[in-house]
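Numbered from 1 within each chain, the chains take letters A, B, ... in sequence-line order.
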Amino acid sequence: MPSNMDLLSGLNPQQRAAITAPSGPVLVLAGPGSGKTRVLAHRIAYQIAHHGVAPESLLAVTFTNRAAREMRGRVESLLADSGAFRTPLIKLNLSTFHAFAARLLRREADRLPVTREFVIFDEADQQALVRQCLKELNIDPKQVRPAKVQAVISSAKNELIEPETFAAGTYFHEIARRAYQRYQQLLLSNNAVDFDDLLLYAVRLLQEHEDLRQKYRRMFPHILVDEFQDTNTAQYALLQLLAGDPPDLFVVGDADQSIYRWRGADYRNVQRFEEDYPQAHTYLLEQNYRSTQTILDAAMAVIDRQRGRHKKQLFTDRGRGTPIVLHEAYDEAEEGRYVLQTITELTARGRIRQGDCAVMYRTNAQSRAIEEVFLKAGHPYRLVGAQRFYGRREVKDLIAYLRLVHNPSDQVSFLRVLNTPPRGIGAKTVEALLEAGRNAQISPGQLLLRLLQDGAAAGKGLPAGRSAAALAQFARLMEGWVAARDNLPLADLIQRVLRDIDYRSYLEDGTEEGEERWENVLEFVRVAEDYAEVGLVAFLEYVALISDQDTLSDAQDAPTFLTLHAAKGLEFPLVFIIGLDEGVLPHLRAADDPEEMAEERRLFYVGITRAMDRLFLVRTFRRRLAGPSTVADPSRFLSDIPADLLEGDRAPSRTPEQASFERRTRWEDRSPRAAQPRFRSGMRVRHRTFGEGIVLEAKILRDDEELTVEFEGAGTKHLAASFASLEVLEG
DNA sequence: TAGTCTGGGCTTTTT
DNA sequence: GCCCAGACTA
């Protein structure tokens with residue numbers, strides 16, 4: 001087949017070797033911009049075109065729908081170009097872990113404690129449920145925070161720990177254990193699963209049912225995984241269960257780009273893979289095709305400060321390129337103006353398009369200041385962030401209505417919409433309704449529906465009078481929607497709900513905000529129109545599993561604003577990373593945990609390596625984190641970048657305050673290694689007031705050494721070596 | 001029952 | 001500075 005040549009042309013020897021590697025476990029360790037995704041796409045195409053593998057027997061897993069979509073496009077065009085395939089490869093199984101698991105669960109629902117129609121609860125729903133559990137357990141939600149309990153439950157699930165095996169060593173964990181137990185029961189009575197259950201149930205199904213295991217192994221004898229470093233325990237277990245014997249498991253990843261630890265991801269799965277599959281072939285991709293050498297050098301300088309990783313040498317033949325620009329703004333507004341101004345200047349020459357530019361930040365909240373500047377200037381931009389849209393109150397309300405229509409047992413949704421907009425159903429009535437539901441052993445939604453059918457008989461225990469009328473009216477609405485559910489196109493169904501509840505006049509209260517909320521509703525209807533074909537179930541699933549990255553579109557030639565997390569896997573000719581301040585990047589929350597601090601560093605590394613040609617690092621002198629604005633210190637990561645890669649570009653001084661600040665931080669004359677390291681992690685030290693402790697982390701910061709010390713009595717402290725006068729005891 | 005108020009809590013990243 | 005939950009009042 002001459003087409004094989006096309007599939008391998010233009011690839012470097014390492015890439016080629018990985019793509020043509022014999023079937024079996026394969027690990028591709030790939031630096032940023034080294035053509036990781038390309039290798040994956042070529043591998044798929046090569047298997048199909050060269051080895052005659054049936055497309056439907058391949059399962060490729062990614063972390064976002066966007067990545068899956070892109071991969072599909074690439075594979076299809078590769079195969080089309082090579083003349084091997086003409087029809088679109090609809091049979092190719094390319095999806096996210098969660099979407100794949102959801103499909104599996106629906107197909108095998110008869111072995112699950114939920115029905116095929118289960119709904120997927122998102123984080124807000126989960127918290128609502130946890131809140132309910134705590135209430136039942138008579139726990140004050142102020143003492144034990146529902147969000148924290150939810151997080152604990154979630155990470156337990158990601159570790160495949162179920163309520164029965166949940167270890168309760170502390171008071172908090174005992175509460176969490178009981179809440180977890182009740183939480184699972186409540187999920188079932190809602191006919192719902194949460195994000196984590198998707199994976200957990202999938203793993204359990206395959207563990208417990210030999211026949212299913214065989215079935216899926218036969219179905220997908222070839223498995224490929226993107227961003228393998230971001231798999232968590234449940235995902236890894238799922239892969240192992242799916243991988244047949246002999247396993248044909250092709251995984252690509254980069255431990256340096258692991259940024260989802262907080263979601264249970266464990267980059268040590270890369271090592272685990274090598275241990276579990278000692279016969280695995282490993283390929284290393286180091287040549288970078290994306291960035292200039294200057295950008296790569298900066299990235300390496302940042303990541304090399306990380307201990308306990310194996311060093312990669314990133315190189316390119318793109319040449320040195322332009323120095324990285326470091327800019328200090330006075331405050332967030334000026335930060336925004338600087339970004340806008342720079343983009344305007346650079347694009348004015350015509351070589352760079354607006355859409356080539358990206359602005360990246362640590363937290364979503366940071367986008368606000370930038371957006372304001374752009375809005376005021378009438379300059380268009382693209383904002384990446386699905387959560388922002390789907391997390392809005394009005395959108396969540398609508399989704400809850402739809403979920404209720406789809407699944408009247410969904411109590412969380414039911415309670416959300418029962419009195420939204422207000423229709424005279426107050427707390428007392430709700431309480432009575434819940435009680436009646438408990439007595440009748442059915443969900444309150446079902447109870448209401450039944451009430452209509454057999455009249456007052458089932459309504460025992462429900463309040464009479466005004467609220468009864470309100471309840472009956474709501475029940476009639478519900479009944480109407482459920483009846484219309486299967487006959488009406490999705491968008492029409494939504495329109496009908498909107499009309500029935502007169503949602504528009506509820507939202508439009510004359511304020512600009514109300515106007516905006518209604519706009520969002522209309523936007524939501526537009527999205528639903530695209531799902532007319534596939535119907536309500538698929539739409540709800542789409543809405544539940546959407547990710548921020550999925551909202552990125554190329555439709556508009558405008559700069560993109562996105563979080564560093566959302567930026568993973570993307571590239572832009574021109575990148576701004578803003579908010580390079582202590583407390584922002586690295587984030588405050590990471591300060592007392594070396595593992596988390598390491599992840600902040602990797603996050604910065606991911607950001608740097610998104611840039612192809614130009615990189616702008618921006619920080620702010622005054623910043624509002626919470627409450628009043630305070631003076632921020634420059635990010636510790638900045639001092640890891642060698643000065644010769646940087647170009648100073650400071651705004652003119654505006655205030656004496658700033659001028660004095662600039663005198664203190666002279667980037668251009670800063671020598672990168674001014675101070676000699678005196679401390680190492682693991683050293684025992686003594687401090688005058690804090691007593692004895694162990695150095696957790698020591699790093700050179702400008703002309704001082706910054707230490708993180710765990711003191712026996714005083715806890716973890718951050719100290720500047722020159723002030724702290726520490727005595728070294730041993731080490 | 002609904003709407004307003006206040007006080008407290010809290011701040012990350014997202015499938 | 002912002003948001004939410006629960007308390008309070010009409």
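- Between the C1' atom of B/dT13 and the CD atom of A/Glu595 lies a distance of 16 Å, rounded to the nearest Å.
- Residue A/Phe63 is classed as a sugar-phosphate contact, given heavy-atom separations below 4.0 Å to backbone atoms only.
- Judged as a salt bridge (charged side-chain N to carboxylate O under 4.0 Å, His left out), the pairs with a partner in residues 149-160 of chain A (not counting sequence neighbours) are, in order, A/Lys157-A/Asp194, A/Lys157-A/Asp197.
- With rounding to whole Å, A/Glu599 atom CD is found 12 Å from B/dT14 atom P.
- Between the side chain of A/Arg204 and the main chain of A/Leu160, a donor-acceptor pair closer than 3.5 Å is present.
- Aromatic ring orientation, A/Phe621 versus A/Tyr330: tilted (interplanar angle from 30° to 60°).
- With the 3.5 Å cutoff on both pairing distances, Watson-Crick and G-U pairs in DNA chain C assemble into runs of at least 3 at B:1-10 with C:1-10.
- Between A/Tyr506 and A/Pro422, some side-chain heavy-atom pair lies under the 4.5 Å cut-off.
- Between A/Tyr531 and A/Phe539, the two ring planes are tilted [angle within 30° to 60°].
- Taking the charged nitrogens against the carboxylate oxygens, A/Glu431 and A/Lys428 have no contact shorter than 4.0 Å, which rules out a salt bridge.
- When the P atom of C/dG1 is taken as reference, atom CD of A/Glu372 falls 12 Å away, rounded to whole Å.
- The CZ-P distance, from A/Arg263 to B/dT13, rounds to 13 Å in whole Å.
- In plain terms, the two heavy atoms of A/Gln366 and A/Ile578 that are nearest each other are NE2-O, 3.7 Å.
- Interatomic distance, CZ of A/Arg517 versus CZ of A/Arg393, reported as 4.0 Å (0.5 Å rounding).
- With respect to A/Asp125 and A/Arg403, a salt bridge is recorded, a charged nitrogen being found less than 4.0 Å from a carboxylate O.
- Between A/Gln306 and A/Met597 the shortest side-chain heavy-atom distance does not fall below 4.5 Å.
- Residue A/Thr363 places no side-chain N or O under 4.0 Å from the OP1 or OP2 atom of B/dT11.
- With centroids closer than 5.5 Å and planes inclined by less than 30 degrees as the test, A/Tyr260 and the base of B/dT14 fail to qualify as a stacked pair.
- Residues satisfying the side chain to side chain donor-acceptor pair (under 3.5 Å) criterion with A/Arg107, sequence neighbours excluded, are absent altogether.
- Nearer to the 5' terminus of DNA chain B, by closest-nucleotide assignment, is the contact made by A/Ala147 (compared with the other of A/Ala99 and A/Ala147).
- Atom CD of A/Gln150 is separated from atom P of B/dC10 by 16 Å (rounded to the nearest Å).
- One can place CG of A/Asn232 at 15 Å from C1' of B/dT13, the figure rounded to the nearest angstrom.
- For the pair A/Leu603 CG and B/dT13 P, the computed distance is 11 Å after rounding to whole Å.
- Counting non-hydrogen atoms under 4.0 angstrom, A/Glu123 reaches a base of the nucleic acid.
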What protein N or O atoms touch nucleotides 4-10 of chain C N or O atoms at under 3.5 angstrom, if any, and at what distances?
none

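- The phosphate of B/dT14 (OP1 or OP2) has a side-chain N or O of A/Asn364 nearer than 4.0 angstrom.
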With 3.5 Å as the limit, what N/O pairs link the protein to nucleotides 1-6 of chain B?
from	atom 1	to	atom 2	distance (Å)
B/dT1	OP1	A/Gly426	N	3.3
B/dT1	OP1	A/Thr429	OG1	2.6
B/dA2	OP1	A/Gly424	N	2.8
B/dA2	OP2	A/Asn419	ND2	3.1

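- For A/Arg368, counting side-chain heavy atoms from C-beta on, the closest listed nucleotide (B/dT14, C/dC2, B/dT11) is C/dC2.
- Spacing between atom CZ of A/Arg602 and atom P of B/dT13 amounts to 18 Å, rounded to whole angstrom units.
- In this structure, A/Glu519 has no side chain to side chain donor-acceptor pair (under 3.5 Å) partners at least two apart in sequence or on a different chain.
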